[in-house]
Amino acid sequence: MKEYKYKINGNTYKVAVGDIDNNVAQVEVNGIPYKVELDNTKKPVTVVSAPRPSAAPRTESGAKVINTPAASATGGHQVKAPLPGTVLSIAVKVGDIVKASDTVAILEAMKMENAIHAGRDGEVAAINANPGDALLEGAPIVTLK
């Protein structure tokens with residue numbers, strides 16, 4: 001039992017609180033036992049259901065599949081990953097004409113979705129990453145002509 005001393009209107013009370021079972025507490029005030037019924041107030045429970053990102057793909061040995069930056073032999077403009085992350089989606093296909101402000105891919109990094117823009121006008125010559133790929137900073141996502 002936990003014991004407390006209270007002073008109310010100049011009177012001192014020695015209170016001991018015992019077990020609480022089904023909202024009924026065993027309480028002793030100045031040596032006199034009481035059964036105290038507690039209010040059963042239920043607090044609302046908020047359930048947050050956020051989508052969880054999928055795991056990065058792995059090879060048969062269990063190592064993560066990570067695309068690393070490669071030298072560009074095409075001579076075109078490469079839209080590169082600005083930070084390490086996982087490709088959630090590719091918004092273009094080969095042959096599409098894009099403007100500089102068009103979103104070409106969505107990259108998840110640090111639990112945030114980042115829209116990756118083309119950066120300049122052009123035609124999509126190649127797609128260098130697939131949804132689910134884990135990319136390092138500077139890895140090419142799309143190549144423009």
Side-chain angles (χ1 to χ4, degrees), residues 1-72 76-94 96-144:
M1 284 190 148
K2 290 191 176 190
E3 294 187 11
Y4 305 93
K5 287 188 180 179
Y6 295 104
K7 194 168 200 176
I8 303 172
N9 294 332
N11 297 324
T12 302
Y13 297 93
K14 183 178 171 187
V15 179
V17 180
D19 295 333
I20 300 173
D21 187 33
N22 292 328
N23 291 336
V24 176
Q26 303 295 327
V27 179
E28 247 181 54
V29 180
N30 290 340
I32 302 171
Y34 294 96
K35 288 187 180 184
V36 178
E37 188 173 331
L38 305 173
D39 283 344
N40 188 10
T41 57
K42 292 186 179 179
K43 296 179 184 175
V45 177
T46 304
V47 177
V48 177
S49 177
R52 301 202 38 111
S54 60
R58 296 183 181 268
T59 63
E60 290 181 15
S61 65
K64 289 184 180 179
V65 176
I66 298 178
N67 286 349
T68 56
S72 174
H77 171 71
Q78 290 188 329
V79 179
K80 297 180 179 182
L83 65 166
T86 303
V87 178
L88 291 181
S89 65
I90 302 290
V92 295
K93 58 184 181 288
V94 175
D96 285 355
I97 304 297
V98 294
K99 298 284 185 193
S101 61
D102 289 348
T103 299
V104 295
I106 303 293
L107 185 70
E108 179 187 21
M110 297 182 289
K111 297 186 181 184
M112 295 190 62
E113 292 183 9
N114 301 283
I116 309 302
H117 302 286
R120 71 176 211 187
D121 296 351
E123 179 182 344
V124 177
I127 297 176
N128 307 96
N130 297 310
D133 284 355
L135 302 178
L136 295 175
E137 181 177 353
I141 301 172
V142 174
T143 303
L144 302 177

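Only one option out of V104, V79, I141 pairs with V92 in a side chain to side chain contact (heavy atoms under 4.5 Å, CB included); it is V104.
Atom NZ of K5 sits about 15.0 Å away from atom OH of Y13, to the nearest 0.5 Å. Of the inter-residue distances, the one linking N22 atom CG with E37 atom CD reads 10.5 Å to the nearest 0.5 angstrom. Note that CD1 of I116 is 10.0 Å distant from CG of L88, once rounded to the nearest 0.5 Å. Annotation: the span from T86 atom OG1 to D133 atom CG amounts to 9.0 Å, rounded to 0.5 Å. To the nearest 0.5 angstrom, R120 atom CZ is 14.0 Å from D102 atom CG. Between E123 atom CD and I97 atom CD1 the span is 4.0 Å, to the nearest 0.5 Å.
For P131, the side-chain contact (heavy atoms from CB on, under 4.5 Å) partners two or more places apart in sequence, or in a different chain, are I90. Partners of D121 by salt bridge (Lys or Arg N to Asp or Glu O under 4.0 Å), not counting sequence neighbours: none found. For K93, the salt bridge (Lys or Arg N to Asp or Glu O under 4.0 Å) partners two or more places apart in sequence, or in a different chain, are D96.
Across all their heavy atoms, E108 and K111 have their closest contact at OE2-CA, 4.2 Å. Here the closest non-hydrogen pair linking G85 and A109 is CA-CB, 4.2 Å. The two residues A16 and E3 have their closest heavy-atom pair at CB-CG, 3.9 Å. The shortest heavy-atom contact between E113 and I106 is CB-CG2, 4.0 Å.
In this structure, D21 and D19 have side chains that are not in contact, with every pair of non-hydrogen atoms separated by 4.5 Å or more. Taking 4.5 Å as the limit, some side-chain heavy atom of L144 sits within range of a side-chain heavy atom of V124. Looking at L107 and V87, their side chains come closer than 4.5 Å, going by heavy atoms from C-beta outward.
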